[in-house]
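Below, chains carry the letters A, B, ... as their sequence lines are ordered, and counting in each starts from 1.
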Number of protein chains: 2
Amino acid sequence: MVARNRLTPAKVVDAALDLVDEHGVEGLTLAAVATRTGVAAPSLYKHVASLAELRAHVGVRVLENMTEWFTDAVLGLSGDEAVTALMHAYRAYVVRHPKRYSAVPVDPLHDEIQGAAGRKLMEVMFATLRGYGLEGSEAVHATRRLRVIVHGFASIEAEGGFGLPEGLDDTYDQLIRMYLDDLRGKS
Amino acid sequence: MVARNRLTPAKVVDAALDLVDEHGVEGLTLAAVATRTGVAAPSLYKHVASLAELRAHVGVRVLENMTEWFTDAVLGLSGDEAVTALMHAYRAYVVRHPKRYSAVPVDPLHDEIQGAAGRKLMEVMFATLRGYGLEGSEAVHATRRLRVIVHGFASIEAEGGFGLPEGLDDTYDQLIRMYLDDLRGKS
DNA sequence: CTGTGAAGCTAATGCCATTAGCTTCTCTCG
DNA sequence: CGAGAGAAGCTAATGGCATTAGCTTCACAG
């Protein structure tokens, strides 16, 4: 029998993610996680090596969540439809969880803990561009351009960086069209 | 006569900016600024209200610096030449000062301290697009798209977010061309 | 020559992460 | 059934940091 109220690394990350969603990255503190999980702060070290590591695991959780969400969004679609769906899904995720998105480091690829999760997310983007007949570095460039657009827009919107939210839907539609035209123009 | 070794708010921000450049935002601590300015930590409060305020002032400094740099870059140019110069200047600034760029909040527009500096920077972008005959909200959208691209690329590059730096120049050139084509297509 | 205000200092508080070392509980194996 | 080992939790202690309070000093103005 597994004990009932036992804390696990997963539960610690759950609590941490909730804190990030509610109060942003600055709100993620071991003291707060301890309170929320009903445990003394030093006890957390039985499940997590440090605050830094906990932050990394939260990042993994978010990256995996995004990957799942985006995969669902593009399943069964291809070409412009798939790209459009992916871009809308990306924005929708960030609008729904703005603080969470701001907490994910932009450079997960070289991180020991987050590397795999980051690469999987990139894979989804890369795969979505299949069918455009891009070869070698062309595909890499196209993926990068896509990432620049979705991340650029999302990170600004997540932090309220556009003045008024007036017409943001239009701006995003224009970005999507710009990207699709660009893909087409290079074929 | 003004005393020689007197600390001033400006000197405090100087030291803070150096710390950010060297060790990133996390490295910006009042204790470190105190050491670097040769003063006891509490003495800083004679010049700065809090660590948060100091961070905001560092942000202002960077925004002003960027504005100056970009203004120089586009002076005397117009149309595609001006846009290209602005985009290259943006990337060049961030490559030269990556940690500094990461320290600037993405939402300076609504901040009491940084609002004016943020708006001036946006003004430069907006003005660079003069001459394309964009009317009303068209100009707003075009400015936003430009910002999305330059910020998206720069923030990823600044944190080493692209896998290898292979071919990043090409990727950026493609983004510039994409944006220019987009501007042209809408005229 | 004096006194006032700014700039600096030391002492103290409180929050947080992290470490050390002890206790307790649970499951496994004899 | 009965240890005993290992995991998970706890309290106490340390050290870094921001911030506040209240004192001292010093340059300058009158």
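- A salt bridge links B/Arg184 with B/Asp80: the distance from a Lys NZ or Arg NE/NH1/NH2 to an Asp or Glu carboxylate oxygen falls below 4.0 Å.
- With D/dA8, C/dC9, D/dA18 as the candidates, the nucleotide lying closest to the side chain of A/Lys46 is D/dA8.
- The aromatic ring centroids of A/Tyr172 and A/Phe153 lie less than 6.0 Å from each other.
- Between A/His47 atom NE2 and D/dG6 atom C1' the separation is 14 Å, expressed in whole Å.
- Here the nucleotide nearest the side chain of A/Leu51, chosen from D/dG9, C/dA17, D/dA18, is C/dA17.
- Considering only the side chain of A/Leu30, C/dA17 comes nearest among C/dG8, D/dC10, C/dA17.
- Between B/Ser43 and C/dC9, a side-chain N or O to OP1/OP2 separation shorter than 4.0 Å is present.
- Among the nucleotides C/dC9, C/dA17, D/dG9, the one closest to any side-chain atom of A/Ala31 is C/dA17.
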What pairs of nitrogen or oxygen atoms, one from the protein and one from nucleotides 12-16 of chain D, lie under 3.5 Å apart?
none

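- Rounded to a whole Å, the OH atom of B/Tyr45 is 16 Å from the P atom of C/dT10.
- Heavy atoms only, all atoms of each residue included: A/Met87 and A/Ile149 are closest at CE-CG2, 3.8 Å.
- Distance from the side chain of B/Ala41 is smallest to D/dT19 among C/dT18, D/dT19, D/dT11.
- Across all strands shown, A/Thr29 has heavy atoms under 4.0 Å from sugar-phosphate atoms exclusively, and none from any base.
- The CZ atom of B/Arg6 sits 12 Å away from the P atom of C/dC9 (whole-angstrom rounding).
- A donor-acceptor pair under 3.5 Å is formed between the side chain of B/Lys99 and the backbone N or O of B/Glu22.
- In this structure, the separation between CE on A/Met178 and CZ on B/Arg145 is 6.5 Å, given to the nearest 0.5 Å.
- The residue from A/Val62, A/Val60, A/Val58 that alone fulfils the side-chain contact (heavy atoms from CB on, under 4.5 Å) condition with A/Val104 is A/Val62.
- Rounded to a whole Å, the CG atom of B/Leu28 is 12 Å from the P atom of D/dC17.
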